[in-house]
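See below for the structure under consideration.
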Amino acid sequence: AASDVYKRQVLIRQPLTEHVPVPSSSKSCMSNEDNRFTARASRYARVGTNVGAVAARYAGQRLLGIEQDRNKSARDLALALGGLKGPIMKVAQLLSTIPEALPKEYARELAQLQSQAPPMGPAFVRRRMNAELGRDWQRRYQSFEPASAASASLGQVHRAVHPDGRRLACKLQYPDMQSAVEADLNQLKLVFQLHARMDPGIDTKEIFAEISSRLREELDYDLEARHTRLYASIFTDEPLIRVPEVIPELSTGRLLTMTWLDGEPLLDFKQGSLEDRNRIARAMFRAWWYPFSHHGVIHGDPHLGNYTVFLEDGRPAGINLLDYGCIRTFSPRFVQGVVNLYQGLLAGDRDRIVAAYEEWGFSGLSDELIEGLTVWAGFIYGPLLDDRERTIADATTPGEYGRREMMHVRRVLKEKGPVTVPREFVFMDRAAIGLGGVFLHLDAKLNWYQLFNDTIEDFNLDVVAARQQSAFAASDVPLPV
């Protein structure tokens, strides 16, 4: 049995080669770049073998009735995946926010891994730009910096200048990322299969389907361009939030060119005045909750690298939203379910809470599971239910915030589960917890209740549906299924 697990799960990734003519003077540099990406492919093969070995050892121990050391197995798995440095690292951190999606030992180890794909050097960048915009691509810019200004799990950003003088950010996807994502999803499937053997409290089928869809969408820079235009239309008259302008003639499915937005990292303001920190927090709150409540769309990844703080007269004035790869759209009825759950918690109305869970997509919930989910909902919504100025963590430390609720929900799910988590829950949970983490960093003190109630004031299902249909059509964004 252990041998079968190993054979099924080992995945060897082969590099793809783009056949683009290049000057002979670049061949030696390109050879070095090719070697680096070939090395990455070899690393994926090695990682697949190592993960398969962890699976084989675990299955063998189960077969022989040997007691497993979960902490050691978690460290082994993290060590195996740590050589991957691909999109799955982002997923591992996401999963750590969902109770029982992974064993706590695994979530703790995987959450420490960092995404870091190898950067493309200048010769390889020129080759990629040839592939995206043609051999004369350099004539289409006044200038283009071959060294990257920033990097991420799927691509890297280059500074450039448009012929009309506008400063640009060119987001160029790494080569072979489609096969990289598919290989990472295969490794994630194995992690979930391991978890399924541990008497889990959550059925992860829908979680895997949701993550797979979002990761594949992140590869489509044309879709990201449309999401960017959607957010630009939503925040046209919003002084707290700036959205870059997409330059369509310099963009493709794997190259996204936008106007450059000047800003500073959010963490630079951790020691700033409370007034400044609150202004940043207020902008972040609006950037996430307003599009959701009014258009059924939310930014699914409040990572610190996805926004910067812009200044006016030397002080924080708002935020630049920079990345639109992980955008989740929702039906207006699901948005109504989120509002109904909040109002049910506020009123202590159990029937309304249960009906809201059903609107979210949960089904067949026992009384014990309803109680467990409500504890978790109370944690997520907690600051929004408290009509006073407060920090997010309030009377506890940031490190302890939510720990008690997490442990309680884990125990209930373990004893009374498994429960199937609806796909929509995954990135709602991620967005809410990620946003809360930002507010913890800032130590902002606001009336979160008032902010949220101002956002959902006069919520009307039909109005949201009509508004969503109009805005999505204007930006050519597909309506949620």
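Applying the salt bridge (charged side-chain N to carboxylate O under 4.0 Å, His left out) rule to R279 yields no partners; only residues at least two apart in sequence or on another chain are considered. Remark: E424 engages no residue in a salt bridge (charged side-chain N to carboxylate O under 4.0 Å, His left out) (not counting sequence neighbours). For A465, the side chain to side chain contact (heavy atoms under 4.5 Å, CB included) criterion is met by P332, not counting sequence neighbours. Residues forming a side chain to side chain contact (heavy atoms under 4.5 Å, CB included) with M258 (at least two apart in sequence, or on another chain): P244, V246, L256. Residues passing the side-chain hydrogen bond (donor to acceptor under 3.5 Å, both in side chains) test with N320, sequence neighbours excluded: T308. Residues satisfying the salt bridge (charged side-chain N to carboxylate O under 4.0 Å, His left out) criterion with D268, sequence neighbours excluded, are absent altogether. Listed by chain and number, the residues in a side chain to side chain contact (heavy atoms under 4.5 Å, CB included) with E359 are Q336, N340, A356 (sequence neighbours excluded). The salt bridge (charged side-chain N to carboxylate O under 4.0 Å, His left out) check on D367 picks up R350, with sequence neighbours excluded.
Atom-to-atom distance recorded for M120:CE and Q156:CD is 4.0 Å, nearest 0.5 angstrom. Atoms CG and CD, from L250 and E132 in turn, are 12.0 Å apart once rounded to the nearest 0.5 Å.
In this structure, E218 contributes its side chain and G325 its backbone to no donor-acceptor pair below 3.5 Å. Judged by distance alone, with hydrogens and angles left aside, the side-chain atoms of T252 form a donor-acceptor pair with the main-chain N or O of R254 at under 3.5 Å. Distance alone, capped at 3.5 Å, is enough to place a donor-acceptor pair between the T259 side chain and the E245 backbone. Side-chain atoms of Q468 come within 3.5 Å of backbone atoms of F330 as a donor-acceptor pair (strictly under, hydrogens ignored). Using a distance-only test at 3.5 Å, with no hydrogens or angles considered, a donor-acceptor pair links the side chain of S273 to the main chain of D276. The closest donor-acceptor contact from the side chain of S470 to the backbone of A466 lies at 3.5 Å or more, if one exists at all. Judged by distance alone, the side chain of R277 and the main-chain N or O of G272 form a donor-acceptor pair under 3.5 Å. Side chain of S251 to main chain of T257: a donor-acceptor pair is present (N/O by atom type, distance under 3.5 Å, no hydrogens or angles).
Ring-centre distance between W376 and F379: below the 6.0 Å cut-off.
Contact check for Y307 versus L266: side-chain heavy atoms found under the 4.5 Å cut-off. You'll find the side chain of H162 reaches within 4.5 Å of the side chain of E249, heavy atoms only. L255 places none of its side-chain heavy atoms less than 4.5 Å from the side chain of Q173. Residues Y381 and L341 are in side-chain contact: their nearest non-hydrogen atoms beyond the backbone lie under 4.5 Å apart.
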I'd like to know whether C326 forms a side-chain contact (heavy atoms from CB on, under 4.5 Å) with F427, so could you lay out the CA-CA distance, the side-chain angles of the two residues, the decisive distance to 0.1 Å, and finally the verdict. CA-CA 9 Å; C326 187; F427 282 92; 3.4 Å; yes
For L321 and W288, run side-chain contact (heavy atoms from CB on, under 4.5 Å): C-alpha distance rounded to whole Å, both residues' side-chain angles, the deciding distance at 0.1 Å, then the answer. CA-CA 10 Å; L321 274 179; W288 262 258; 3.8 Å; yes
Please walk me through it: do L240 and F235 pass side-chain contact (heavy atoms from CB on, under 4.5 Å)? CA-CA 9 Å; L240 287 174; F235 290 123; over 6 Å; no
For side-chain contact (heavy atoms from CB on, under 4.5 Å), just list the numbers for N306 and H299, CA-CA rounded to whole Å, side-chain angles, deciding distance to a tenth of an Å, and then say yes or no. CA-CA 10 Å; N306 288 339; H299 197 299; 3.8 Å; yes
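Here ring pair (Phe, Tyr, Trp, His ring centres under 6.0 Å) pairs that include residues 259-280, with residues two or more places apart or in two chains, number zero. Residues in residues 226-237 take part in these side chain to side chain donor-acceptor pair (under 3.5 Å) pairs, two or more places apart or across chains: D222-R226. Within the structure, salt bridge (charged side-chain N to carboxylate O under 4.0 Å, His left out) pairs that include any residue of residues 465-481 do not occur (at least two apart or interchain). Sequence neighbours left out, the pairs with a member in residues 438-457 that pass side chain to side chain donor-acceptor pair (under 3.5 Å) are Y342-N453, D387-N447, Q450-D454.
Annotation: cation-pi geometry not satisfied between R423 and F425 (NZ/CZ under 6.0 angstrom from ring centroid, within 45° of ring axis). Figure legend: cation-pi geometry between R286 and Y290, with NZ or CZ positioned under 6.0 Å from the six-membered ring centre and within 45° of its axis.
The nearest pair of heavy atoms linking F472 to L230 is CE1-CD2, 3.7 Å.
Counting heavy atoms of neighbouring residues, nucleotides and ligands inside a 6.0 Å radius, atom CD of Q178 does not exceed 12 of them.
A perpendicular orientation is assigned to the rings of F285 and F452, their planes being inclined by more than 60° (bins at 30° and 60°).
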